[in-house]
Student: 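One structure coming up, written as structure tokens, with questions to follow.
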Amino acid sequence: MTRIYARPLSPRFLTSPSPIERNKMLNRITIPRWFDRHLHIRDSEMMKTVLPCTLKQRATGAIIMPNLADPISSIEKAKAYRERITVVYQAHAEGTPGYYSRFEPCMTCYLTDSTSPDEVVRGFQEGVWRAVKLYMANQKGQGGTTGSAHGVKDLLGRYPVFEAMEKHKIPLLGHFEAVEEDVDEFDREIVSVDRDLKPILKSFPGLPVVFEHLTDGRAADFVAGYGCCDEHATLFATVTAHHLMINRNAMFWGGMNAGHYCKPVPKRESHRQRVRKYVTGGHRRFGAGTDSAPHDEQMKSRCYGCAAGIFTAPTAVEMYTTAFDEDNALEHLGAFLSENFLGTYGMRVSSEQMTIERTPLKVPVKVGAVQVFKGGTELPWKLVG
Ligand code: DOR
Ligand code: ZN
């Protein structure tokens with residue numbers, strides 16, 4: 001008797017959606033200088049190493065994350081931190097004439113269980129900070145990401161702060177990920193949407209909220225569909241370059257890859273595609289926030305307790321451009337990088353321009369002791385001026 005073999009099914013290849021026809025004709029794009037809506041630059045020597053990367057990327061400014069070892073949780077700390085940033089910026093600007101005309105470090109207040117509504121409002125009115133950053137910690141005082149252990153344990157207890165923020169239109173920048181140990185790592189974001197975000201939005205409909213580093217397709221659907229219309233939108237989302245480029249396989253393929261580990265962790269491919277559909281489709285509630293988060297090699301190479309964070313600052317613009325190009329959507333790049341919901345942070349669209357050209361660019365492997373995301377590979381776009 002002849003045996004009948006069942007053929008193995010051919011693998012379904014999981015890559016970026018392939019555009020029907022790439023816009024190969026477009027080789028040069030000029031857009032307003034961009035704004036990084038989510039950036040970690042740390043302090044001291046590390047800041048001197050990494051801040052110039054964002055400056056060279058022509059950002060007009062950045063929302064500076066407050067999760068230092070000693071969190072930026074008061075007006076005094078935020079002022080002092082801004083001073084230190086300004087010193088590094090000025091030293092770099094003096095050494096690099098004509099590179100860019102200015103860089104605005106937009107400070108954020110690290111919300112703790114004891115931050116008072118008064119301090120939040122005063123810091124905002126005095127122009128010290130532009131927004132409040134929400135990290136959450138569990139009852140054991142464990143945060144879900146780097147520098148979040150001082151985060152909020154009692155969200156309901158923070159409602160008086162949210163009420164004051166709603167009144168003064170102070171944006172809440174939320175790291176929405178459930179921090180209880182028993183929640184599956186890949187569901188942390190969507191669990192937090194239901195558990196934390198929805199009640200906040202319901203209680204404070206006028207509070208501007210930015211959903212930080214969004215990775216889950218269900219969360220993207222929620223942000224895109226929330227509220228009556230774009231004109232009255234109060235909910236926005238930042239999306240990183242790395243979450244547009246990799247899915248969760250990248251953490252494990254060929255061995256454990258600490259360089260692809262960040263929080264929120266990259267999700268499965270279908271989520272990446274769903275998020276990317278909104279971003280490169282030109283949805284105005286999504287904007288660039290790199291979450292570039294430098295850690296030195298030692299912190300990233302621990303077998304246990306490897307630090308979460310991906311460092312994209314040196315080539316973030318080129319990475320975003322590559323994603324839009326792959327989706328044949330370069331016409332939406334400028335809004336995503338340089339326009340969408342900038343008013344929420346009190347920023348305007350820049351009157352200065354930057355130009356990106358279709359020219360190969362080698363991503364540096366390292367900056368100081370920090371490994372760069374996709375270091376050593378080549379990108380098809382280069383920021384040229
Ligand atoms: O991957 C991350 N790294 N996610 C965060 O939320 C924090 C950041 C960091 O500070 O390293
Ligand atoms: Zn971050």
Side-chain angles (χ1 to χ4, degrees), residues 35-39 60-68 71-83 85 104-136 148 150-176 192-193 196-214 223 226-238 284-287 289 339-349:
F35 181 72
D36 192 344
R37 298 157 184 78
H38 184 135
L39 180 66
T60 55
I63 297 292
I64 306 293
M65 286 297 129
N67 62 334
L68 303 188
I72 304 302
S73 53
S74 70
I75 293 177
E76 289 324 306
K77 286 185 193 175
K79 274 185 180 167
Y81 188 29
R82 186 169 59 187
E83 267 304 301
I85 296 168
E104 204 164 336
C106 301
M107 311 310 289
T108 52
C109 166
Y110 188 117
L111 187 66
T112 70
D113 282 316
S114 55
T115 314
S116 74
D118 274 5
E119 175 111 2
V120 165
V121 173
R122 199 158 56 82
F124 182 73
Q125 288 180 332
E126 290 177 8
V128 178
W129 48 57
R130 304 287 181 105
V132 169
K133 178 67 195 267
L134 170 68
Y135 291 106
M136 287 176 279
S148 60
H150 301 272
V152 170
K153 286 195 211 120
D154 172 18
L155 200 57
L156 191 59
R158 301 292 69 210
Y159 275 27
V161 178
F162 298 156
E163 196 164 323
M165 290 168 62
E166 179 186 43
K167 184 166 163 211
H168 295 274
K169 294 279 172 268
I170 307 174
L172 178 71
L173 316 182
H175 185 128
F176 290 108
S192 183
V193 167
D196 309 316
L197 176 63
K198 286 182 182 171
I200 292 175
L201 294 172
K202 200 163 177 198
S203 309
F204 308 102
L207 176 68
V209 178
V210 182
F211 193 112
E212 298 290 60
H213 39 53
L214 184 146
V223 170
Y226 178 74
C228 60
C229 60
D230 280 353
E231 203 189 325
H232 298 108
T234 54
L235 179 62
F236 309 94
T238 56
R284 304 289 279 192
R285 294 185 205 172
F286 296 79
E339 286 177 31
N340 292 350
F341 62 91
L342 287 195
T344 307
Y345 307 105
M347 291 296 291
R348 292 218 185 108
V349 178

Student: Is any side-chain heavy atom of Thr234 less than 4.5 Å from a side-chain heavy atom of Val209?
Tutor: no

Student: For the NZ atom on Lys169, are there more than 12 heavy atoms of other groups (residues, nucleotides or ligands in this structure) within a distance under 6.0 Å?
Tutor: yes

Student: Kindly assign one of parallel, tilted or perpendicular to the pair Phe204 and Phe162, based on the angle between their ring planes and the thresholds 30° and 60°.
Tutor: perpendicular

Student: Taking CD in Glu231 as the centre, count heavy atoms belonging to other residues, nucleotides or ligands within less than 6.0 Å. Is the count above 12?
Tutor: no

Student: Compare every heavy atom of Val161 with every heavy atom of Thr115, then report the nearest pair and how far apart it is.
Tutor: O-CG2, 3.6 Å

Student: With a 4.0 Å cut-off on N to O distance, would you call Glu104 and Arg130 a salt bridge?
Tutor: yes

Student: Give a yes or no answer on whether the side chain of Trp129 reaches the backbone of Tyr110 with a donor-acceptor pair at less than 3.5 Å.
Tutor: no

Student: Distance-only, no hydrogens or angles: does the Thr108 side chain make a donor-acceptor pair with backbone N or O of Val132 under 3.5 Å?
Tutor: no

Student: Within the 4.5 Å heavy-atom criterion, are Pro160 and Pro117 side-chain neighbours or not?
Tutor: yes

Student: Is any side-chain heavy atom of Met347 less than 4.5 Å from a side-chain heavy atom of Cys106?
Tutor: yes

Student: Nearest heavy-atom pair of Ser192 and Met136: which atoms, and what distance?
Tutor: OG-CE, 3.8 Å

Student: If you compare all heavy atoms of Ile75 against all heavy atoms of Gly123, which two are closest, and at what distance to 0.1 Å?
Tutor: CD1-N, 3.4 Å

Student: Have Tyr135 and Lys133 got a donor and an acceptor in their side chains that come within less than 3.5 Å?
Tutor: yes

Student: Between Met107 and Lys79, is there a side-chain heavy-atom distance shorter than 4.5 Å?
Tutor: no

Student: NZ of Lys77 to CD1 of Ile72: how many Å apart, nearest 0.5 Å?
Tutor: 6.5 Å

Student: Using a 3.5 Å distance criterion without hydrogens, assess whether the side chain of Arg285 forms a donor-acceptor pair with backbone atoms of Phe341.
Tutor: no

Student: So, do Met165 and Val120 sit near enough that their side-chain heavy atoms are less than 4.5 Å apart?
Tutor: yes

Student: Quick one: CZ on Arg82 to CD1 on Ile64, what's the gap to the nearest 0.5 Å?
Tutor: 11.0 Å

Student: I'd like to check Leu134 versus Asp196 (side-chain heavy atoms, cut-off strictly below 4.5 Å). Are they in contact?
Tutor: no

Student: Does the side-chain contact (heavy atoms from CB on, under 4.5 Å) test come out yes or no for Asp36 and Ile63, once each step is laid out?
Tutor: CA-CA 6 Å; Asp36 192 344; Ile63 297 292; over 6 Å; no

Student: Run the side-chain contact (heavy atoms from CB on, under 4.5 Å) test on Val193 and Lys198 for me, step by step, so that the C-alpha distance in whole Å, both residues' side-chain angles and the decisive distance to 0.1 Å come before the verdict.
Tutor: CA-CA 6 Å; Val193 167; Lys198 286 182 182 171; 3.9 Å; yes

Student: Just by modelled atom types, is the Phe286 backbone N or O under 3.5 Å from a matching donor or acceptor in the Asn340 side chain?
Tutor: yes

Student: Ignoring hydrogens, what is the shortest heavy-atom contact between Leu207 and Ile170? Give both atom names and the distance.
Tutor: CD1-O, 3.6 Å

Student: Run Leu214 and Phe176 through side-chain contact (heavy atoms from CB on, under 4.5 Å) and show every step you take.
Tutor: CA-CA 9 Å; Leu214 184 146; Phe176 290 108; over 6 Å; no

Student: Tell me whether the guanidinium CZ or amine NZ of Arg348 lies under 6.0 angstrom from the six-membered ring centre of Phe35 and within 45° of its axis.
Tutor: no

Student: Rounded to the nearest 0.5 Å, what separation is found between the CD atom of Glu119 and the OG1 atom of Thr112?
Tutor: 9.5 Å

Student: What's the separation between atom CG in Asp230 and atom CZ in Phe236, rounded to the nearest 0.5 Å?
Tutor: 8.5 Å

Student: Among Glu212, His38, His213, which residue meets the side chain to side chain donor-acceptor pair (under 3.5 Å) test with His175?
Tutor: His213

Student: Compare every heavy atom of Pro171 with every heavy atom of Thr344, then report the nearest pair and how far apart it is.
Tutor: O-CG, 3.2 Å

Student: Taking all non-hydrogen atoms of both residues, which atom of Lys202 and which atom of Pro205 are closest, and how far apart?
Tutor: O-CD, 3.7 Å

Student: Looking at Asp113, is its backbone amide N or carbonyl O close enough to the side chain of Arg158 to form a donor-acceptor pair, meaning the two atoms are under 3.5 Å apart?
Tutor: yes

